[in-house]
Colleague: 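Mind having a look at this structure? Questions to follow.
Letters go in sequence order (proteins before strands), and every chain restarts at 1. This one's a predicted model, so the numbers in the text were calculated from it and none came from an experiment.
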2 protein chains.
Amino acid sequence: MSDNRRFTMHDVANRAGVSYQTVSRVINHHPHVAQDTRERVLHVIAELGYRPNRAAQLLAGNHSRVLGMTTFALNQYGPAQMVISVEQAAREAGYDLIFANVTDTALESVQAAIHHLLHWEVDGLVFLAPLTGMTPEDLRMLCGDVPLVQIGASGGDGASSAAVDQAHGGRLIAQHLMGLGHTRLAEIRGPAAWVDAQARHQSLLDVLAEAGLEPTASEAGDWTPRSGYEAARALLAKGAAFTALVAGNDQMALGALRALNEAGRRVPQDVSLVGFDDIPEAAYFDPPLTTIRQDFEQLGRQGVAYMIERIANPGAAAQHSRVLPRLIERTSSADVTR
Amino acid sequence: MSDNRRFTMHDVANRAGVSYQTVSRVINHHPHVAQDTRERVLHVIAELGYRPNRAAQLLAGNHSRVLGMTTFALNQYGPAQMVISVEQAAREAGYDLIFANVTDTALESVQAAIHHLLHWEVDGLVFLAPLTGMTPEDLRMLCGDVPLVQIGASGGDGASSAAVDQAHGGRLIAQHLMGLGHTRLAEIRGPAAWVDAQARHQSLLDVLAEAGLEPTASEAGDWTPRSGYEAARALLAKGAAFTALVAGNDQMALGALRALNEAGRRVPQDVSLVGFDDIPEAAYFDPPLTTIRQDFEQLGRQGVAYMIERIANPGAAAQHSRVLPRLIERTSSADVTR
DNA sequence: ATGTTCATTGTGAACGTTCACTGAAAACTA
DNA sequence: TAGTTTTCAGTGAACGTTCACAATGAACAT
């Protein structure tokens, strides 16, 4: 902590010739402060460059204007985008945001992160940890009665949530490919521990089943290009006969693309390839990748909006929104040729 | 804030039959606490699930065990990696980390972020905003005497720094390409406002100049694949004659790759292409991209280490480390053929 | 014995805010 | 006019910690 003592409320109060309480009122936009008094105080605040001490506010008040957010797998496109959009939305709503990173998939890691945030006396908790095996009920238990919003995964009764309708995404892909005449689809799934991966996988299965089909073959990856590459090689090695390949995200699609190339399978002539996410790179793959775009911006905004509502009105029921993803059709998918 | 009142130090003290001060001492690992007293207190702490209130600690203490970090362009690979590694290193050192995102390149934006962090009474400030136009002296002014560490950009006397030796990276690339016989190099630079982009550009110029060469042509992009695509098209449209193309990062290299393909210029037969960053995707481009790998992990770790040192020993001189990047040779670069 | 040090514990005050009251003046109401 | 409400401002006490200092007793040297 630095020597350069910051000004306190009392300094401002003295200079403005009012009591510290009045300064507090001005800061917190209380009504019942005379117009000229307010202006005088505001003027002194600007003059001194005074800004309230967050720690003291937090300690004394019964609301903190701080939101806590768990983060996870920030090196992944989706999570990173959500963090960015939540931070932006929170800032705009006048809330500070503090983060606690969840390092691994173990429950204790999630628990540690949440406890950590709780010790900051946050007004609300934005939960981003798109893993299965953590029910909304578990979360509620951990959080006590702190308002809770889940982002990127569906919530239960206890928590509001904003998520992408992954099932819809899977359906879009299945319908797109079947519409092109494909009946033999292979799949590179994301890690089983991720709800998104599960949802995409399941919806693909469902839609295929409705048409009396099932995937020719399926491998799991870990979201990385490398795992996509290896999964595709495994599929090829098994001799799986497929005319279309669905990857759980764009990065794995890239890896698969390379494996297909090496095996002499041309995309899209021999195999149609689709991904998930629409990362900025996807349009520049060779060929440009057909994929599913998800509006993470919207997710963050919606989640924070729910949070503000819950804080203002703790009794209200949880709200849930499902953002519909969009199919971005590029040239990695085409009519089946045989 | 929730109703579920957390336990306080006094609760622990009562249960353990000691004074609150003793509890405080146990928490802060003070010496001069009897072994059995310590154990008794620790036991009660565990039993009650007590964790100290951060706000109170922050307010009362003259150190906060909190580090502030400015963030910028989190959707970029480099910045995101640095945030991840700093958060990890800070956590391991027992420090909490709070972030303030810098939204645009304006000085006021940086200033706002720093002020914001200062109001949290942080023990130190990790500065990540790899933009030019912000001298270390400016920073010092803004921060008062709070220990300051710059990451990803070189610092001055006032602040320690951990950065990648970008000039070395540029040199590696230039030497690699000249070693392959290339003499006509074109370049797609990063945005001028970024120090990294500048440094890479300048070192390329320098090394070429030493060999009596200069770039055939040069365009600027904004790090996105799209901008790389457009820059490459611009180079081709100008009729620039080059056998090697240096991109400021891997994503722009990807865009350029696509533009070259569309123009019928094969990589590496007609044009050697090199990037910067070694993003996970780079190895799966077609062809796999020759690029420069930077150890961001190391950067974060080193930066936080400097920070800890500075906090412990405020008088000490600033330290600087330059991490040497490495050339990752893949197949996008080859002997010049004509 | 007697002072001197050292390990161990406790006490009161601070940190900078907000909250719950209280009071005075001004503005309505009857 | 008197009573009532409303606006505005101030006072004292929290919030949960750490800090500076004081106090106790044991160990040690003299």
Side-chain angles (χ1 to χ4, degrees), chain A residues 1-42 44-45 48-66 96 118-123, chain B residues 1-42 44-45 48-66 96 118-123:
Chain A
M1 218 166 272
S2 66
D3 300 347
N4 56 344
R5 272 258 139 305
R6 308 199 53 72
F7 292 109
T8 79
M9 243 177 183
H10 293 83
D11 298 324
V12 176
N14 286 340
R15 286 247 206 171
V18 294
S19 77
Y20 53 88
Q21 181 59 262
T22 302
V23 177
S24 172
R25 277 195 265 262
V26 169
I27 287 172
N28 296 297
H29 307 103
H30 268 268
H32 306 326
V33 177
Q35 192 51 239
D36 59 334
T37 319
R38 180 188 309 280
E39 274 164 17
R40 192 149 31 96
V41 170
L42 247 24
V44 175
I45 287 179
L48 257 42
Y50 164 81
R51 285 278 206 81
N53 180 317
R54 299 295 281 126
Q57 288 185 311
L58 221 133
L59 183 59
N62 46 15
H63 70 284
S64 62
R65 301 248 141 204
V66 176
D96 278 0
L118 255 29
H119 297 140
W120 281 100
E121 310 264 341
V122 293
D123 275 350
Chain B
M1 219 166 271
S2 65
D3 300 347
N4 56 344
R5 273 254 140 308
R6 308 196 53 71
F7 292 109
T8 79
M9 242 178 182
H10 292 83
D11 299 324
V12 176
N14 287 339
R15 286 245 208 173
V18 294
S19 77
Y20 52 89
Q21 182 57 261
T22 302
V23 178
S24 172
R25 279 197 262 263
V26 170
I27 287 172
N28 297 297
H29 307 102
H30 269 268
H32 306 324
V33 177
Q35 191 52 239
D36 58 334
T37 319
R38 179 189 308 279
E39 274 164 18
R40 192 150 30 97
V41 170
L42 248 23
V44 174
I45 287 179
L48 258 42
Y50 164 81
R51 286 278 205 81
N53 180 317
R54 299 294 281 126
Q57 288 186 310
L58 220 131
L59 183 59
N62 46 15
H63 69 283
S64 62
R65 301 250 140 203
V66 176
D96 279 359
L118 255 28
H119 298 138
W120 280 99
E121 311 263 342
V122 293
D123 276 350

Colleague: The side chain of A/Q21 is closest to which nucleotide in this list: C/dG16, D/dA9, C/dA20?
Modeller: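 Closest of the options to the side chain of A/Q21: C/dA20.
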Colleague: Please determine, for the side chain of B/P52, which listed nucleotide (D/dA9, C/dG10, D/dT17) has the closest atom?
Modeller: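 From the listed options, D/dT17 comes nearest.
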Colleague: Which listed nucleotide (D/dT11, C/dT17, C/dT9) is nearest to the side chain of A/Y50?
Modeller: C/dT17
Colleague: Between D/dA9 and A/S19, is there an OP1 or OP2 to side-chain N/O distance shorter than 4.0 Å?
Modeller: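 So the side chain of A/S19 is outside the cut-off, no N or O lying under 4.0 Å from OP1 or OP2 of D/dA9.
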Colleague: So, does B/T37 get its side chain near the phosphate of C/dT8, meaning an N or O under 4.0 Å from OP1 or OP2?
Modeller: no
Colleague: Please answer whether the main-chain N or O of A/A16 pairs with a side-chain N or O of A/R40 as donor and acceptor at a distance below 3.5 Å.
Modeller: yes
Colleague: Please tell me which of the listed nucleotides, C/dT9, D/dT18, D/dG16, lies nearest to the side chain of B/V33?
Modeller: C/dT9
Colleague: Is B/R54 side chain donor-acceptor paired with the D/dG16 base, going by distance under 3.5 Å alone?
Modeller: no
Colleague: Just to confirm, is there a sub-4.0 Å distance from OP1 or OP2 of C/dG12 to any side-chain nitrogen or oxygen of B/Y20?
Modeller: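 For C/dG12, neither OP1 nor OP2 has a side-chain N or O of B/Y20 closer than 4.0 Å.
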Colleague: Measure from the side chain of A/M9, starting at C-beta and using heavy atoms only, and say which of C/dT18, D/dT18, D/dC8 lies closest.
Modeller: C/dT18
Colleague: Where the side chain of B/A34 is concerned, which of D/dT18, C/dT8, D/dG10 is the nearest nucleotide?
Modeller: C/dT8
Colleague: So, is B/N53 close to the D/dC15 phosphate, meaning a side-chain N or O under 4.0 Å from OP1 or OP2?
Modeller: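 No, no such contact exists.
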Colleague: Does A/N62 put a side-chain nitrogen or oxygen below 4.0 Å from OP1 or OP2 of C/dC19?
Modeller: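 True: A/N62 side-chain N/O within range (under 4.0 Å) of C/dC19 OP1/OP2.
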Colleague: Considering just the side-chain nitrogens and oxygens of A/T8, establish if one lies under 4.0 Å of OP1 or OP2 belonging to C/dG16.
Modeller: no
Colleague: By nearest heavy atom, map A/R25 and A/H10 onto DNA chain C; which one lands nearer the 5' end?
Modeller: A/H10
Colleague: Counting C-beta onward and ignoring hydrogens, is there a side-chain heavy-atom pair between B/W120 and A/V66 closer than 4.5 Å?
Modeller: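 Yes - at least one pair of side-chain heavy atoms lies under 4.5 Å apart.
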Colleague: Just the rounded figure in Å: distance from P of C/dT9 to CZ of B/R40.
Modeller: 8 Å
Colleague: If you only use heavy atoms from C-beta on, which nucleotide in C/dG10, C/dT9, D/dT18 is closest to the side chain of B/A60?
Modeller: D/dT18
Colleague: Pairing donors with acceptors under 3.5 angstrom, does anything connect the side chains of A/R54 and A/Q57?
Modeller: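 There is such a pair between these side chains.
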Colleague: Please verify the inter-ring angle class for B/H10 with B/Y20; under 30° counts as parallel, over 60° as perpendicular, anything in between as tilted.
Modeller: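 B/H10 vs B/Y20 ring planes: tilted.
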Colleague: Between A/N28 and C/dT18, is there a side-chain N or O to OP1/OP2 distance below 4.0 Å?
Modeller: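 Affirmative; the distance criterion is met.
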Colleague: B/T22 side chain: which of C/dG16, C/dT9, D/dC19 is closest?
Modeller: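 Nearest listed nucleotide: C/dT9.
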